[in-house]
Amino acid sequence: MSKHSKLAFGLFEDGHTIRLVQLLRDKGQFLLQGIDRVELDQALYHAQEMPAALQEYEKTSWEDSSGSSDKLKLDELEEEFTSELKLSPWDAMLASVDLKGGIIALNCNDEFLIKATEPLANNHAIKRYAKNYLTPDEYKLGDWQSSAVKFGSISQIWLHRGTNLLLEMIQDYRKKNRLQLFFQLADSNDLALTDYFRINHLNSEQRTMLIHLGQEYRKAFIFENGIWKNTLTLQITQREPDPDVIYSKLSLALDNANERDPERIVLCGELANSELAIYLHGQYASSTVEMLSFSELSIPTDKVGLYDSYYLAQYAIPIALACKALSQDDSRWTPSNFLPTRIMEGQKVFKIAWHGFIVLFMIFVVTFWATVSILKTNQLYREEKAKQRELNFTLQQRRKEAAEIQKIREDLENQEKNIEVLKTVLENKNPWSEVLNILNRNLAGKATSWLQSLKLENDRLTFNGLTTRRANVIGIS
């Protein structure tokens with residue numbers, strides 16, 4: 001599935017609840033395909049044992065927040081299936097939709113976002129900022145992401161630290177079922193909700209306050225002159241607060257931020273209902289109070305009665321996430337994304353158009369030519385190297401022979417010199433008398449040696465003798 005899919009799934013984690021919205025974009029319209037939710041035994045990020053929150057998703061029943069008291073029993077068919085075939089509510093919700101046929105957009109928990117107030121000009125500044133606010137292990141492992149955010153007219157850098165547990169749950173489901181899923185974005189609740197409201201429902205002529213009241217995510221956003229001006233965190237600790245408690249906390253937040261009352265109040269979230277709208281209208285008499293509408297959504301005719309503004313209000317953020325995932329080419333949306341780099345790099349798809357095949361053919365030709373050329377060069381190199389070895393061997397042999405010839409030449413020269421010396425000594429003398437004198441002297445020093453005969457044949461003197469020592473033969477000779 002490519003990132004330009006027409007089908008998107010928005011998932012929103014808030015306390016004990018995970019909500020799912022399925023949207024289809026067709027000819028510029030957003031078609032609402034389905035809505036679902038699942039309740040966890042423990043809040044995903046606030047569980048005592050975090051691994052248990054990732055592995056045990058059991059639920060007995062849930063009640064429709066639109067006012068219906070009918071409880072849907074998820075274990076009513078328990079007796080008909082064995083324990084091996086039963087699915088957890090979380091797995092059942094994901095199995096009910098075709099996740100592999102679309103793109104997935106999910107939210108980031110607000111508590112794991114760090115919002116830089118000072119400007120960060122480049123990547124080096126962002127890394128220095130991250131080092132100051134992250135633990136050494138988080139920074140070393142790269143378990144953080146940054147994204148540019150435009151808050152009004154001010155550009156900021158937001159960091160997400162740690163693991164996105166909702167993403168890990170989906171990854172566990174993918175691995176368990178061996179699915180190929182495509183994640184489009186992981187975004188902040190603030191950015192997705194305010195972008196969706198600003199693009200589709202904001203009236204720039206009115207000072208507007210958008211209020212989201214979920215299980216844990218409870219905030220108010222101030223818009224003035226069409227610009228997101230301020231964010232107010234509502235310190236509401238009760239799980240299901242009364243309208244008067246919500247009003248008092250809202251008034252306190254406005255006073256602390258020195259913000260005047262809005263002209264228009266828009267409500268959304270799990271706790272937004274008609275009772276709260278009526279109560280706030282009574283307290284802010286000069287303001288209009290309304291539920292967040294979803295007029296840009298096309299709702300199936302058989303669901304129009306069920307999917308009213310009060311019911312859809314609790315799915316505002318997953319709807320916003322799905323719309324943003326399907327509107328990546330729309331510059332009005334903030335280009336923020338806190339998906340881990342390993343996820344985005346791992347799902348990049350390489351596509352080839354018609355001209356790509358020409359490029360590939362040219363690459364093949366060049367590679368083939370280069371390979372053949374290299375092989376021929378290597379073969380020629382091996383042949384030349386073998387010839388060089390043969391020539392080196394021949395050269396060594398010739399050098400040895402030359403050394404032997406030189407030695408013989410030197411011996412001959414020495415012999416010739418000796419002959420010349422002998423000729424000089426024997427000049428004008430009888431050569432045989434000198435020879436006999438030398439022979440006489442040698443024999444005189446060897447008492448046990450006797451000369452028996454002496455004969456001259458063809459200018460050659462030959463003599464025979466006896467000796468008691470073999471060594472005397474060499475000396476006399």
Side-chain angles (χ1 to χ4, degrees), residues 10-14 44-45 104-168 183-199 202 210 212 214 216-224 227-234 253 257 269 316-318 320-325 327-328 330-345:
L11 287 110
F12 169 57
E13 169 274 326
D14 183 29
L44 189 59
Y45 284 90
I104 299 174
L106 61 151
N107 74 310
C108 302
N109 191 279
D110 207 51
E111 297 180 5
F112 289 81
L113 287 173
I114 302 173
K115 303 172 184 178
T117 55
E118 64 270 21
L120 301 175
N122 50 47
N123 290 334
H124 295 292
I126 295 174
K127 290 181 179 180
R128 286 196 302 269
Y129 181 84
K131 277 187 177 180
N132 294 332
Y133 286 89
L134 301 176
T135 65
D137 290 340
E138 285 177 337
Y139 184 83
K140 183 178 181 180
L141 294 174
D143 196 13
W144 59 278
Q145 296 80 39
S146 63
S147 191
V149 176
K150 193 170 184 180
F151 185 76
S153 59
I154 303 174
S155 296
Q156 296 180 349
I157 295 294
W158 288 10
L159 300 178
H160 181 272
R161 65 187 300 176
T163 303
N164 189 326
L165 297 184
L166 179 57
L167 175 62
E168 292 301 310
F183 294 91
Q184 184 76 345
L185 65 94
D187 206 1
S188 161
N189 297 329
D190 294 4
L191 297 174
L193 183 59
T194 54
D195 278 354
Y196 175 79
F197 179 72
R198 173 177 52 82
I199 294 171
L202 180 61
L210 173 65
H212 185 280
E216 293 183 353
Y217 181 70
R218 299 170 179 179
K219 287 188 177 182
F221 306 94
I222 305 297
F223 294 87
E224 192 167 6
I227 298 175
W228 175 17
K229 179 184 176 184
N230 202 353
T231 302
L232 309 178
T233 301
L234 305 180
I317 292 181
L321 290 168
C323 288
K324 183 173 182 177
S327 307
Q328 291 295 292
D330 192 340
S331 60
R332 294 177 298 174
W333 293 86
T334 302
S336 55
N337 196 346
F338 297 96
L339 270 179
T341 304
R342 58 182 173 82
I343 298 292
M344 292 188 288
E345 292 295 330

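Being a predicted model, the structure only gives us computed values, none of them experimental. The analysis underlying the following values was restricted to heavy atoms, covering all of them including side chains, and did not include hydrogens, waters or symmetry mates.
In plain terms, the two heavy atoms of Asn230 and Ala257 that are nearest each other are ND2-CB, 3.8 Å. Shown here for Ala320 and Ala192, the closest heavy-atom pair between the two residues is CB-O, 3.4 Å. Looking at every heavy atom in both residues, Ala253 comes nearest to Thr233 through CB-O, 4.3 Å. Across all their heavy atoms, Phe338 and Ser146 have their closest contact at CE2-C, 4.4 Å. Taking both residues in full, the closest heavy atoms of Leu339 and Ala186 are given as CG-N, 3.7 Å, listed atom of the first, atom of the second, then distance. The two atoms that bring Gly10 and Ala322 nearest to each other are N-CB, 3.9 Å, heavy atoms only.
One finds the OG1 atom of Thr341 at 6.0 Å from the CD atom of Gln145 (value rounded to the nearest 0.5 Å). To the nearest 0.5 angstrom, Leu210 atom CG is 11.0 Å from Leu232 atom CG. From Gln184, atom CD reaches atom CG of Leu106 across 11.5 Å, with rounding to the nearest 0.5 Å. Taking CG of Leu167 as the start and CD1 of Ile343 as the end, the distance is 5.0 Å to the nearest 0.5 Å. Distance check: Thr194 OG1 to Ile227 CD1 gives 13.0 Å after rounding to the nearest 0.5 Å. Here Leu11 contributes atom CG and Leu321 contributes atom CG; the two are 8.5 Å apart, rounded to the nearest 0.5 Å.
Residues satisfying the side chain to side chain contact (heavy atoms under 4.5 Å, CB included) criterion with Ile114, sequence neighbours excluded, are Tyr129, Tyr133, Leu134, Leu159, Arg161. The side chain to side chain donor-acceptor pair (under 3.5 Å) test applied to Ser336 returns Asp187, Lys324, not counting sequence neighbours. Shown here are the salt bridge (charged side-chain N to carboxylate O under 4.0 Å, His left out) partners of Asp14, two or more places apart in sequence or in another chain: there are none. Annotation: side chain to side chain donor-acceptor pair (under 3.5 Å) contacts of Thr334 (sequence neighbours excluded): Asp195. Residues forming a salt bridge (charged side-chain N to carboxylate O under 4.0 Å, His left out) with Lys131 (at least two apart in sequence, or on another chain): none. In this structure, the side chain to side chain donor-acceptor pair (under 3.5 Å) partners of Glu224, at least two apart in sequence or on a different chain, are Arg207, Lys229, Arg260.
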- prompt: Step by step, would you call Lys219 with Thr231 a side chain to side chain contact (heavy atoms under 4.5 Å, CB included)?
  reply: CA-CA 7 Å; Lys219 287 188 177 182; Thr231 302; 3.9 Å; yes
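Remark: aromatic rings of Phe223 and Phe197 are close, center separation under 6.0 Å.
Side chain of Asp330 to main chain of Trp333: no donor-acceptor pair is present (N/O by atom type, distance under 3.5 Å, no hydrogens or angles). The main-chain N or O of Glu13 is found under 3.5 Å from a side-chain atom of Asn107 such that the two form a donor-acceptor pair. Formation of a donor-acceptor pair under 3.5 Å by the Arg198 side chain with backbone atoms of Arg332 is found in this model. Between the Ser147 side chain and the Asn337 main chain, a donor and an acceptor come within less than 3.5 Å of each other. Judged purely by atom type and a 3.5 angstrom limit, His160 has no side-chain atom pairing as donor or acceptor with the backbone of Cys108.
In this structure, Glu168 and Thr163 have side chains that are in contact, with non-hydrogen atoms separated by less than 4.5 Å. Counting heavy atoms from C-beta on, the side chains of Asp190 and Tyr217 come closer than 4.5 Å.
By the 30° and 60° cut-offs, the orientation of the rings of Trp228 relative to Phe221 is perpendicular. His212 and Phe12 have perpendicular rings, their planes meeting at more than 60° on a 0 to 90° scale where under 30° would count as parallel.
No more than 12 heavy atoms of other residues, nucleotides or ligands shown are found within 6.0 angstrom of NZ on Lys127.
Ion pair Arg218/Asp110 not flagged as a salt bridge, since none of the NZ, NE, NH1 or NH2 atoms sits closer than 4.0 Å to an Asp/Glu carboxylate oxygen.
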